[in-house]
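Values in this document were obtained by computation on a predicted structure and should not be read as measured data.
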Amino acid sequence: MLLIDLARTSAAVAADSARLAKIGHLAELLGRVKPDEAEIAIAYLSGELPQRQIGVGWASLKDLPQPRLAATATLHQVDDLLSRIKAQAGPGSQSARKTMVTELFASLTGPEQTFLSRLLRGELRQGALDGVMIEAIAKASGVPSAEVRRALTLRGWLPAVGAAALGGGVEALRAFRLEVGRPVSPMLAQSATSVTAALERLDGPAAIEWKIDGVRIQVHRSGDTVSVFTRTLDDITRQVPEVVEAIGALPSRDLVLDGEVIALREDGRPAPFQVTSGRVASRTDVDSARRTTPLSMFFFDALRVDGADLLDLPGAERQAALAANVPAELVTPRLVTDEATAGETFFADAVRSGHEGVVVKSLHSPYAAGRRGAGWIKVKPRHTLDLVVLAAEWGSGRREGWLSNLHLGARDPETGGFVMLGKTFKGLTDELLTWQTERFLALADGPTDSWTVTVRPELVVEIAFDGVQRSSRYPGGMALRFARVLRYRPDKTPDQADTVDTVRALMI
DNA sequence: TTCCGACAGTGGGGTCGCAAT
DNA sequence: ATTGCGACCCCACTATCGGAA
């Protein structure tokens, strides 16, 4: 199969807004792909690469060569070249990559260049990724989509699952099992504004657990071999020796656990997320990193214990297996209750202890990996500030033509000016985008370039956020975490906006 | 007919390691 | 020595489609 076939299908998928039509286009292509090309086709058309990443990003794709007129590149040719690009290493590798990318693109037509460039930048923008591809695979192979999802949960890599479905149907999919040492797709959580609201949704007693502000880990143990994976199934075993040792010391020699790893301060309170993140990312001198910033771990689920797969069991039973096989100090603190007041108290305690909040979990739901099922619901406290819009950036994609991304400032009583604390594009409806674009253009004042419009600091906007972090990027030395717009405050003037001192007091 | 679950898109701040400058 | 880049860690929110109710 040729790359142009995929490029054409992708363009057709993008052109139709109806999901069923997208599924139709994708299924049609999957119907004519050869078995040995299926993984590549599924990966590309769901926005992924068989190589996962190849060290090429937007900067390497800035100026592409002239396109050719004849489309001849096959999927295998492109895939081989991407593998060779990925394999470059050491001094000179970056320019070697760039040369190879240029050569590759010089052999492609315009539509192929557009498709591959978007794919490599991780911006396919065809309105179809894994979720739609699952349905397309189901349609093309005549298999229920639930079977595809189940296999994806266990295998964690859709191209492999899709190729199996196309080649061997339901039987091939049912052959996928939880394999110790190979990560499964992690279960994710929805969110609610309060424990009370979360409990109402679950109806009946539920487990409420601390939400630890660290890095998600999935730990596999088979005999003496321990492997640790992140939420995106990256292998970080070498970076977290504490986890390897702790798991290696347990009596059970066959385990798959789900949990969180975090750096705690000496007083036992959590270090800022930045500290944990930096520690987990450290690869070159793990020993010294470990001495200065030791990691602790909290497990909250057991997917396999001593030969028994637990994914399909109710939450309460998996929890019992966890408690029976992992010492209490390694288990996330939890409370089982159906009383809202008890739950809210537990939540308040978690937050007072420095944690992110809680996750409310159904006692009945299976480990529904990869789907944001209603089984887990996270609850976090929300801070708000009234800040001033300093500038706005033009949006892209469906936000093209709208001023989208806001620069936010807090009032500085010392100077009478404003100190930028970060940006946000979240929480804006199309109506609000239209309104603010018009308003900002009327307020435009100061340096303006092709993507930023500076405005007179006159608009006050109420911003929700999760916390204040240390920042080397912004002049105040702090930045908001997960900032989003709640509403504009036309009733407020900039001199009534919150001050940098208020923000500083919130920094941990 | 209305409601709501699932998905994709649109970007946010931070860190590390490496190659280039 | 510093900077730019890629890859990841954490993520919230709205619009939309289409099946469920």
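Using a 4.0 Å cut-off, some side-chain N or O of A:Trp58 falls inside it from OP1 or OP2 of C:dG6. Residue A:Gln239 places none of its side-chain N or O atoms closer than 4.0 Å to OP1 or OP2 of C:dC9. For C:dC11, one of the phosphate oxygens OP1 or OP2 lies less than 4.0 angstrom from a side-chain nitrogen or oxygen of A:Lys211. Checking the phosphate oxygens (OP1, OP2) of C:dC8, no side-chain nitrogen or oxygen of A:Thr232 falls inside 4.0 Å.
Both tests hold for A:Arg481 against A:Phe273: distance to the six-membered ring centre under 6.0 Å, angle to the ring axis within 45°.
Nucleic acid contact class of A:Leu406 (heavy atoms, under 4.0 Å, all strands): none. Within the nucleic acid shown, A:Ser95 comes within 4.0 Å of sugar-phosphate atoms alone, with no base atom in reach, counting heavy atoms only. A:Lys86 comes within contact range of no nucleotide atom at all, as no heavy-atom separation falls under 4.0 Å. Using a 4.0 Å heavy-atom criterion, one finds that A:Val132 contacts the sugar-phosphate atoms exclusively. When heavy atoms are screened at a 4.0 angstrom cut-off, A:Asp213 is found touching no nucleic acid atom at all. Contacts of A:Ala128 with the nucleic acid, taken as non-hydrogen atoms under 4.0 Å apart, involve only primed sugar atoms and P, OP1 or OP2. No engagement by A:Glu123 is indicated, since no non-hydrogen atom pair under 4.0 Å with the nucleic acid exists.
Between the P atom of C:dG18 and the NZ atom of A:Lys139 lies a distance of 12 Å, rounded to the nearest Å. Atom CD in A:Glu48 sits roughly 11 Å away from atom P in B:dA8 (whole-Å rounding). Taking atom CG of residue A:Leu119 and atom P of nucleotide B:dG9, one finds them 13 Å apart after rounding to whole Å.
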Sugar-phosphate or base contact per nucleotide [nucleotides 10-16 of chain B; S, B, -; heavy atom under 4.0 Å]: BBBSSSS
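Both A:Gln53 and A:Ala483 sit near DNA chain C, but only A:Gln53 has its closest nucleotide nearer the 5' end.
Atom CD of A:Glu438 has 12 or fewer neighbouring heavy atoms from other residues, nucleotides or ligands inside a 6.0 Å radius.
Within residues 14-26 of chain A, the residues that have a heavy atom under 4.0 Å from DNA chain C are, in order of number, A:Ser17, A:Ala18, A:Arg19, A:Leu20.
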